[in-house]
Amino acid sequence: MGFIADTYDIEQTTPLLTDKYHFTTAYGYWLEGRADNPSTFYMFGRKEAAGAGYSIAGGLEGLIDIVQRWQQFGFTEDDLNFLRSQKRPSGKPVFPEAFIQYLSEMEFKLKIEALPEGEVFFPQEPVLRVSGPIAQVKMLESVALGLINGHSGYMTQGAHQASVVEEELENGSPRGQASAQGMRRGPGLGAMLESSRSLGAGGYKSSSTGTAAKMFAQPFAGTMDHAWVMTHGAEIGKVPMAELFRLSDEGKLRDLRWALKEDAFRSFAFAHPESGILLVDTYDPIQGMENGIQVIKELHAQGLGANYGIRFDSGDVVEYSKIALRRFAEEGFIDDIDPAKVSGMSHEELLKHAEKSKVFVSAADGIDEYSAQEMRAAGAFFKSWGIGTAGSHVPPLGLVYKASSVYMDVLEGEDAPAEIKQTPVMKVASNAPVKSSNPGVINSRRIYGTDGKLSHVVVYDQMLGLDPAGEMINLRDFKDVKTSPANLISRDSLVSIFDEDGQLALPAPAQKETHPGSGKFTTDLAALEKRIKAQLDTLPDNVRQVRRPRADVLKEKLVAAFNAAKKAGQSLLNLDIAAIEKSLPPEPGRIPVYLDRKLFDQRSSGKTASGPCQRSNGCR
């Protein structure tokens, strides 16, 4: 079972888990005698996720859980009674009993193909393709979009965040790890749990949410909080660690407890002597850092505290980290630096030795992938990154699910004649061409250069096949017509998930016990992360590089200019557009996406091999 089956009851995941219009239209198809007509729908995105030139597919495991539950349990009697209770304004039932009976007999034997979880994808590429009776294919739309949009967003953000904090930088800012710490920022209970799973697959190395860490076999990470410090007499008291351990050894518990209650840092270190993080900015961050250093030195003197650090989560955390690095060097925490020579070393020189520090610094304070990137570029000394809101509030990607082919005639539940093909259909948005879909049974062909990097993608209709001459048209510029080289390595993107009989065809992913002795197993997120990293290695550097979106930077600059003009008492806002344009970050690199010539002609002409393409003003 996957993460949906492990988290939600059957009652919460029946076919009623869809939008009402799928029932109103299913009833309409049923009246027409076309509810079981063969059809194909596909899911795709119109642009890359913000911040880089790629998106990552996630959520498929959850969708497999949904489909298998629909196959096994279908609608419950309570679901059917709920639908029976729906009334028209006249008081008559919206759905007659014969239609309710039809719903109760649905088997959901759908043929499903998809991108595997962890696969990169690009605009107009199919992420999911579903074939089967049109009423059932449409019912899957809403939950499929919810799961894949959301988890693709989490997985992509996880990959962005991991890329930023794990990248080796010339300035020496140490490589670190991101931890999912957004439970208190989560928009709901489901998001609190599920986000941790897909952020972990994307590259986060731990979770501070206990249930999520248990369910998904993630390291359970966390430190003290400000309340811990505030509910002790002081950050640091008068009794050193050695004396506390002596009191414990001698059984003088009363004296020990009275000493611990006065000393937040030493009490925490006494409870967790091997590893821990001391939160040092409850009061004065610099003094707190000094107090933390004192406690860590005392632990080291006892042969303890081998994995200890301090944490800043407010104020100028980058500057505090620089001060901490210098103090660590002065205290001898960095093996290859002579403490006597530290005063003559610049921060840039110290940073080159940061990876060898025996004590680390952790950061948290509304950090996202862009601020972490900027902090490291500024010379920050952090090895641990607590990510809250940026991980728990990832916007869904905006994928859509559109009809692409259907058998149009009335079948009244009978099988379609084998000699008659489905009719390609498409959405045409004349006022917004980018929102148009593609007609046919859509797949994409990935083309790789001789260097192993992804060169370009060709979207095509499997019913028509690829153009024999390899001619293709750039999705972003229809005037750009090229011929795809025939001698390069290529592969189709979609893989079989459920076969034509509705049987699961995808092999189970690598598994890991949720925790030692639990006897329960879950998807091995480390294996999924490894797949994602291998995918990213196939992308050119300018495509995978994370950049703050230009629109965000422009907004910040315009707001700053407005506030400055207002403060100066100006009535007009004067802008040097050329200067602002020059200061904006470049757009991410993009993988060229092409439409195969046959598919392009089908879109443009409104005609197909099997007859007229169904569209308003040409194709529907």
Please determine, by modelled atom types, if Glu369 and Gln373 share a side-chain donor-acceptor pair under 3.5 angstrom.
no
Ser493 side chain to Glu119 side chain, donor-acceptor N/O pair below 3.5 angstrom:
no
Please confirm whether the ring centroid of Trp385 lies under 6.0 Å from the ring centroid of Phe382.
yes
With sequence neighbours excluded, tell me which residues meet side-chain hydrogen bond (donor to acceptor under 3.5 Å, both in side chains) with Glu194.
Tyr8, His151
Hey, are Thr523 and Lys512 close enough side-chain-wise for a donor-acceptor pair under 3.5 Å?
no
Do Gln124 and Asn438 have a side chain donor and acceptor closer than 3.5 Å?
yes
Ring centres of His22 and Tyr29 under 6.0 Å apart?
no
Is the ring centre of Tyr594 less than 6.0 Å from the ring centre of Phe600?
no
Side chains of Gln181 and Ser208: any donor to acceptor distance under 3.5 Å?
no
Side-chain H-bond candidate by donor/acceptor type, Asp601 with Ser604, under 3.5 Å
no
When you compare the side chains of Gln71 and Arg69, does any donor N or O come within less than 3.5 Å of an acceptor on the partner?
no
Are Gln462 and Arg129 close enough that a side-chain donor and a side-chain acceptor fall under 3.5 Å?
yes
Any donor-acceptor N or O pair under 3.5 Å, side chains Glu125, Tyr42
no
Under a plain distance cut-off of 3.5 Å, with no hydrogens placed, do Thr40 and Ser404 share a side-chain donor-acceptor pair?
no
Please set out all donor-acceptor pairs under 3.5 angstrom arising from side-chain atoms of residues 496-510, sequence neighbours excluded.
from: Asp499; atom 1: OD1; to: Asp501; atom 2: N; distance (Å): 2.9
from: Asp499; atom 1: OD1; to: Gly502; atom 2: N; distance (Å): 3.2
from: Asp499; atom 1: OD1; to: Gln503; atom 2: N; distance (Å): 2.9

